[in-house]
Structure formats: C-alpha cells, structure tokens
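To keep things clear, I will list the structure first and then write my remarks on it.
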Amino acid sequence: MAEKITARAKNYPEWYLNVVKEAGLASNSDVRGCMVIKPTGYALWEKMQRGLDKLFKDTGHVNAYFPLFIPMSYLAKEEEMAEGFAKECAVVTHYRLKAEKGKPLHVDPTAELEEPLIVRPTSETIIWKSYKEWIQSYTDLPLLINQWANVVRWEMRTRLFLRTAEFLWQEGHTAHANAKEAEEETHRMVNVYRTFAEEFMAMPVLVGPKSDGQKFPGAIYTLCIEAMMQDGKALQAGTSHFLGQNFAKAFDVKFTTQDNKKEFAWATSWGVSTRLIGGLIMTHSDDNGLVIPPRLAPTHVVICPLGRNEAERAPCLAAAEKLAAELRNLPRNEFFGYEPIAVKIDNDMKNAPGYRFAEYELRGVPVRVEIGPKDMEKSACVVARRDVPGKEGKMMGIPLGGAAAHIDGLLRDIQKALFDRAKKMRDDRTTTANTLDEFKQLFPVNADGEDGELGIDALKFVYAHWDGTRETEDRVQKEFKATIRCIPFDGPTESGTCIFSGKPSAKRVVFARAY
RNA sequence: CGGGGUGUAGCUCAGUCUGGUAGAGCGCUUGGUUUGGGACCAAGAAGUCGUCGGUUCGAAUCCGGCCACCCCGACCA
C-alpha cells in the first residue's frame, strides 16, 4: 500500500499536515500564513456553521455584519486590546495603485489615507461604535448579535487551520443591562460551545475560566473549552469573554435605566474559528487518514458498486441506487440537523476497488458500503465503518433489505464511539502532580530549554495546585513550556499548597503543553 | 527578529561535490488487459533548473547579490 501518510507515532506534526493535504481539506497559498480551504474542507466548515448557527439562534441571537476595516483610532480606545493586538495587525495605508506604461504596478504615493485602517483582528471596537447609536434605553437590551466573518492576525508562525494569518470564525457581541445578565450570557455561550464540541464534534472538552495570564485583552475574565489532542497537547477550541463595562466606557455606550438613570452597558463576546477543523482532525483521525464524526460529515455514506464487467456491475449499481434512495428517504431528525443522509455513489470503475476503499478512508467518510456480485447472490452488502479502519471495520452479509436502517443506526454508533474513545484517551491521560518533582517528570525539558522530542503518548493533562499568581504562571511557562489551560468548573475543589511557590492554593488547575 | 534548510515537469525528489546541451517515481492523456484492500502493458504530453549578475568556449552545477517558502526558536486569546 502506498503510504501517503506518516504514522502518528513517527512524527505527529507531519501526520497532521499529511491528513490535511491528502484528505483535500486545505493547502498553503502563495500568501504566507494564509491557506486555501478546498471544497472538502469548506464543506466541513459549512456543516460546523450550520450546527453552531442553529444553537445561536435557539439562544436568541441574530446575525449581522460589520466592516473588515477598522480605523486605527478605534483600536486605540481600549488600551488592553490595543496592546494585545498591536503586534499582529495588517494595516491599510493607501487606497490606490498606479499603473503606468513601462513601469511596474506600484502604490500611488499621493493616495495615502488620512487615517490608517487596520484589517480586523476582532470586531469589538467597530461593533461597540455602532452599539453607541443602537443602545439608548434598557428596552434596547439585551442586544444579542453574532457575526460570521474572516479576521486577520499577522502571526509569526502559522499551521494550517490551527493558526493562520487569516481565518474564518464567528464572533458574538452582546450588550446587557447589568453584570448578572452579561455573566449569564458568558456562561450560556461557553456551554453552547461545549454542546457543539461534545455532541457534534464528538470532542470532549474541559470547561472553565482561563487564568488571568491567558485571558483575552480587554476582558474581565475568559471562559474556555479546552480539548486534548492525540499527542496529549491541549487545544483551546473556543472562548467566551465577560467584558464588563470596558468597551461601553471606551465607546461611551450609555443607556437609560428603568428609573431614568444613565448606566454603561455590560458586554460579552465569544468565538470559535476554523481552528475547530484542526481540533477535529487531531481528535479523531488515524494513520489511514481523516475521520469525521457523522454529525459533521459532508458525506455520510459512500456506496461502491463492484464487478469485473458491465454485466456484473449493472445489478450492483442498481442495488446501490436503490439503497441510496432508501437512505435519503429515511425520516429526517434532529441528529442530522433535519437534513437527509448524504449519500454518494462511487461508480468510478477505472480505479481498482482497493484504491477506492482507501481513498474514502483517507477522506473520512463515516460509512462505506460495498456491493459486488458475491453480495448480489445473497441480496446483501458489505458495510464498513470508518472509525475502525481497514478490513476490521467491515461487516459482511448485511441484507440489502435492512441496510438503510442498519446504516442509520451505525452512524449514531460511530458518533458515540468516537466521543467515548476520545474521552477515554483524555481521561487516561489526565493525572495529578503533588510535588514539583512529579511535575518536572510530566513536562520534561531538555538541556537547551526546549520541550524536546517526546513520544505521542508522553504528554498529559496535569491537575496541580497553583497559588493564583501571574508570577508563578509565567515561571511555569518559562521553565516547563506548560501553561494553565483552564480552571475546570467540574474539577476537584480541595484546597492545598502551590507546588511551585509553597503558598496556599484554593483549587487545582489544569496544566498542559498547548498548541 | 535569531538558527537551520529548500527552490529542477502538476506533485515528491535525484542530478550540483568533480561544468559538457534535462532525469526518475507518482500524476496526466490515448489505447488495451484488469477489478472484493492502493492493478498492469504500450505509446505520449509536460521543465526559460526561484531571480539578477559574474567567471567560462560552455553553468541546474562554480562565485556574488536578491527573492520566496519550509522547519526549529522567540511571539501568539
């Protein structure tokens, strides 16, 4: 078998890039740090959008759109945000080029903008500038708005989906009449993200606040969902920020309360991005390629008719078409977003069967059906589940009559099996450190101060006591390349002693190496 | 911004040390044989060797400048 994909155990980052490229999700573009999202990758994003958008609408939000360009002075108004993003902003300074015969195309120096525009790294500032006009009275609140957009953050180093200079995302920006409602919203939305991650992506997550060192610039606090990848590293998959009155004050957004007083509005913002696709890949995929949980799969089932000649193929193809129709006509339900099961018939007989099977495995189609002459004799088919790769995942002799129902059930089983497997991995690789020595062993650093070459089984999520200070957090990051990922809501609650400083600790927090 | 590496066919790369008119595998096109886990045969199309300059009778190859990308750091919600 031609090895298109490096084994995870051999080189995990290379495996990841191989999967992204061989499954046809995305490729690097000519623009440094920016990717081309190919149809298969974009279809996955569309499925994610659809799932999330429904959850947003169900919680009372509406979509709107704000400009790509933001006057530089807007960003300057919120000091923490300006400081946080200054180093990674793309800046537009001119509005015209000059095309002269015999000269290369160049920027027209006479067309300089009076005020530079930045390409949005996030939209709080320009949105709150609008909210100043929209919010006059407590009756205008809450204002619950989401935007699907692209943003640009000029990162030094990028990786397909996980960190790119331009990425697609959604950003929710809400305004509320009081702190309590805004905080409830912050929690509501992080729970929406948890639901999406666990029920759609089959990706178990830890939920809780970030430490101060990891929070969003301009936020009072940041809640996050944090997932474990197959190499034991953590991936921040979504964040929900309680912004207090910081942006209302920066943009002077006041409303009249019921008792005719003026008050600044309370804010939240929350977002997830195409990074989720990276997380999805690193949670479920294997050495044979992409694995997509059924609820997000653009194609749920591929049917491969087989046969050595036209006479053998014709009845197989007819059976394939019948089965496809049955699958598409199954009653729609919530599990598949009230959409029909997406079935593709692969009738490309030019390629050998093995090639075709491997190709769909590479692309992560959850269920593959094979219908060949031997099956036709028994009015049966072969059903293969992608979460069990290779021949082991094949079930022979599924009667054609009951195949549609069988596959419908199997898709649900696969969704559950993927979640259970991912959760088991995370739980098996979660531990505690009660002393500094234990911690050192869990996050070894080589002589150069680098994190060294660890096998993919080495890293863990580590619960340890921390004194709550920024100072200790920074020290741990520097010495062990490990960061506080999250202070889980449902984590252990016993108090103790910080293993780094010896000071009292209220609660254990989760340390990990991160993407 | 530091350290390392790479630019040769659509893709992956050999050829560079030792200068002599451009190679392989995969992919693609055509025809034929195949078809239950990545088939085979034959013919064919395809490259101003990243770029600019220098040395030379002659440069992918030697020398110099520049550009781009990748990897490792630093940085990063």
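So that the names make sense, note that chain A is the first sequence line, chain B the second, and so on, each numbered from 1. Heavy-atom basis, side chains included; hydrogens, waters and symmetry copies ignored.
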Discussion item. Tell me the interatomic distance from Tyr355(A), atom OH, to rG36(B), atom P, rounded to whole angstroms.
Written reply: 16 Å

Practice prompt. Please measure how far the C1' atom in rC49(B) lies from the corresponding atom in rC62(B), and state the result in whole Å.
Written response: 16 Å

Worksheet entry | Counterpart base for rG64(B), defined by Watson-Crick or G-U wobble contacts under 3.5 Å | rC52(B)

Worksheet item: Does the cation-pi check pass for Lys129(A) over Phe251(A), that is, NZ or CZ under 6.0 Å from the six-membered ring centre and within 45° of its axis?
Response: no

Fill in: Out of rG36(B), rG38(B), rG37(B), whichever nucleotide has its closest atom nearest the side chain of Lys391(A)
rG37(B)

Fill in: Value in whole Å for how far the C1' atom of rC11(B) lies from CD1 of Ile5(A)
16 Å

Discussion item. Can you check the distance between rG5(B) and rA24(B), where both ends of the measurement are the C1' atom (answer in whole Å)?
Written reply: 23 Å

Worksheet entry | Whole-Å gap separating P (rU34(B)) and CD (Glu312(A)) | 12 Å

Fill in: Base partner of rG37(B), which must satisfy Watson-Crick or wobble distances under 3.5 Å
none

Response to the item:
Looking only at rA74(B), rG37(B), rC76(B), the nucleotide nearest the Ala358(A) side chain is rG37(B)

Item to complete: Using heavy atoms to find the nearest nucleotide of RNA chain B for Phe167(A) and Pro353(A) separately, return the residue whose nucleotide is more 5′.
Response: Pro353(A)

Fill in: C1' atoms of rG36(B) and rC26(B), separation to the nearest Å
25 Å

Worksheet entry | Counterpart base for rC1(B), defined by Watson-Crick or G-U wobble contacts under 3.5 Å | rG73(B)

Worksheet entry | Nearest-nucleotide pick for Ala352(A), side chain only, options being rG37(B), rA39(B), rC76(B) | rA39(B)

Discussion item. In this structure, how many angstroms lie between the C1' atom of rA39(B) and the CZ atom of Arg308(A), rounded?
Written reply: 15 Å

Worksheet item: Does rA9(B) have a Watson-Crick or wobble partner in any strand here, with both distances under 3.5 angstrom, and which is it?
Response: none

Item to complete: Using modelled atom types only, decide if a donor and an acceptor are shared between the side chain of Arg356(A) and the backbone of Cys304(A) within a distance under 3.5 Å.
Response: no

Worksheet item: rG36(B), rG37(B), rC1(B): which one has an atom nearest the side-chain heavy atoms of Asp375(A)?
Response: rG36(B)

Discussion item. Just the rounded figure in Å: distance from P of rC69(B) to CG of Leu160(A).
Written reply: 14 Å

Practice prompt. Measure up the Tyr131(A) and Trp128(A) rings against each other and bin them: parallel (under 30°), tilted (30 to 60°), perpendicular (over 60°).
Written response: perpendicular

Discussion item. Measure CG/Asp474(A) against P/rC76(B) and give the value in whole Å, please.
Written reply: 10 Å

Worksheet item: When all nucleic acid strands are considered with a 4.0 Å heavy-atom cut-off, which category describes Gly390(A): base, sugar-phosphate, or nothing?
Response: base

Worksheet item: Just how far, in rounded Å, is P of rC26(B) from CG of Asn18(A)?
Response: 19 Å

Worksheet item: rU48(B) and rA60(B): how far apart are their P atoms, nearest whole angstrom?
Response: 13 Å

Worksheet item: Among the nucleotides rC76(B), rG38(B), rG37(B), which one has an atom lying closest to any side-chain atom of Leu362(A)?
Response: rG38(B)

Practice prompt. Please measure how far the P atom in rA59(B) lies from the corresponding atom in rC17(B), and state the result in whole Å.
Written response: 14 Å

Item to complete: Scan Glu370(A) against the nucleic acid and name what it touches under 4.0 Å (heavy atoms): base, sugar-phosphate only, or nothing.
Response: base

Item to complete: Could you check whether Lys394(A) gets within reach of a base, just the sugar-phosphate, or nothing at all, counting any heavy atom under 4.0 Å?
Response: base

Worksheet item: Going by the angle between their ring planes, with limits at 30° and 60°, are Tyr221(A) and His187(A) parallel, tilted or perpendicular?
Response: perpendicular

Worksheet item: With a 6.0 Å cut-off on ring centres, are Trp45(A) and Phe167(A) close enough?
Response: no

Practice prompt. Please measure how far the P atom in rA46(B) lies from the corresponding atom in rG10(B), and state the result in whole Å.
Written response: 11 Å

Fill in: Distance-only donor-acceptor test (3.5 Å): side chain Arg368(A), base rG37(B)
yes

Item to complete: Have a look at Pro373(A) and say if it touches a base, only the backbone sugar-phosphate, or nothing, with a 4.0 Å heavy-atom cut-off.
Response: base

Worksheet item: If you find the nucleotide of RNA chain B closest to Leu17(A) and the one closest to Gly84(A), which residue's nucleotide is nearer the 5' end?
Response: Leu17(A)

Fill in: CD/Glu83(A): more than 12 non-hydrogen atoms of other groups inside 6.0 Å
no

Response to the item:
Partner of rU30(B) under the Watson-Crick or G-U wobble criteria, both distances under 3.5 Å, comes out as rA42(B)

Item to complete: Write down the distance between CD (Glu22(A)) and P (rU12(B)), rounded to a whole number of angstrom.
Response: 10 Å

Worksheet item: Taking Ser379(A) for the side chain and Asp375(A) for the main chain, is one N or O donor matched with an acceptor at less than 3.5 Å?
Response: no

Worksheet item: Taking atom types as they are modelled, is there a donor-acceptor pair under 3.5 Å from the base of rG38(B) to the side chain of Asn351(A)?
Response: no

Worksheet entry | Minimum-distance nucleotide (side-chain atoms of Met156(A) versus rC70(B), rG36(B), rC1(B)) | rC1(B)

Discussion item. Categorize Arg356(A) for me: base, sugar-phosphate, or nothing, with a 4.0 angstrom heavy-atom threshold over every strand shown.
Written reply: nothing

Worksheet item: Looking at rC76(B), rG38(B), rA74(B), which one has an atom nearest to any side-chain atom of Glu359(A)?
Response: rG38(B)

Worksheet item: Who is the Watson-Crick or G-U wobble partner of rG47(B), with both distances under 3.5 Å?
Response: none

Item to complete: For rC11(B) and rU18(B), measure between their C1' atoms and round to the nearest Å.
Response: 31 Å

Worksheet item: With a non-hydrogen cut-off below 4.0 angstrom, is Pro121(A) in contact with a base, only sugar-phosphate, or nothing?
Response: base

Which donor-acceptor pairs under 3.5 Å do side chains of residues 278-286 of chain A form with protein atoms, sequence neighbours excluded?
unit_1	atom_1	unit_2	atom_2	d
Thr283(A)	OG1	Gly279(A)	O	2.6
His284(A)	NE2	Met201(A)	O	2.7
His284(A)	NE2	Ala202(A)	O	3.2
Ser285(A)	OG	Ile281(A)	O	3.3
Ser285(A)	OG	Val291(A)	N	3.0
Asp286(A)	OD1	Asn288(A)	N	2.8
Asp286(A)	OD1	Gly289(A)	N	3.2
Asp286(A)	OD1	Arg386(A)	NH2	2.8
Asp286(A)	OD2	Arg386(A)	NH1	2.9

Practice prompt. Identify the residue among Glu171(A), His173(A), Gln170(A) that makes a side-chain hydrogen bond (donor to acceptor under 3.5 Å, both in side chains) with Gln147(A).
Written response: Glu171(A)

Worksheet item: Choosing from rG37(B), rC1(B), rC76(B), which nucleotide comes nearest the side chain of Glu361(A)?
Response: rG37(B)

Item to complete: For the side chain of Lys481(A), starting at C-beta, report the closest nucleotide among rG36(B), rC76(B), rA74(B).
Response: rA74(B)

Practice prompt. Using the C1' atom on both, measure rC69(B) against rG31(B) and round to a whole Å.
Written response: 41 Å

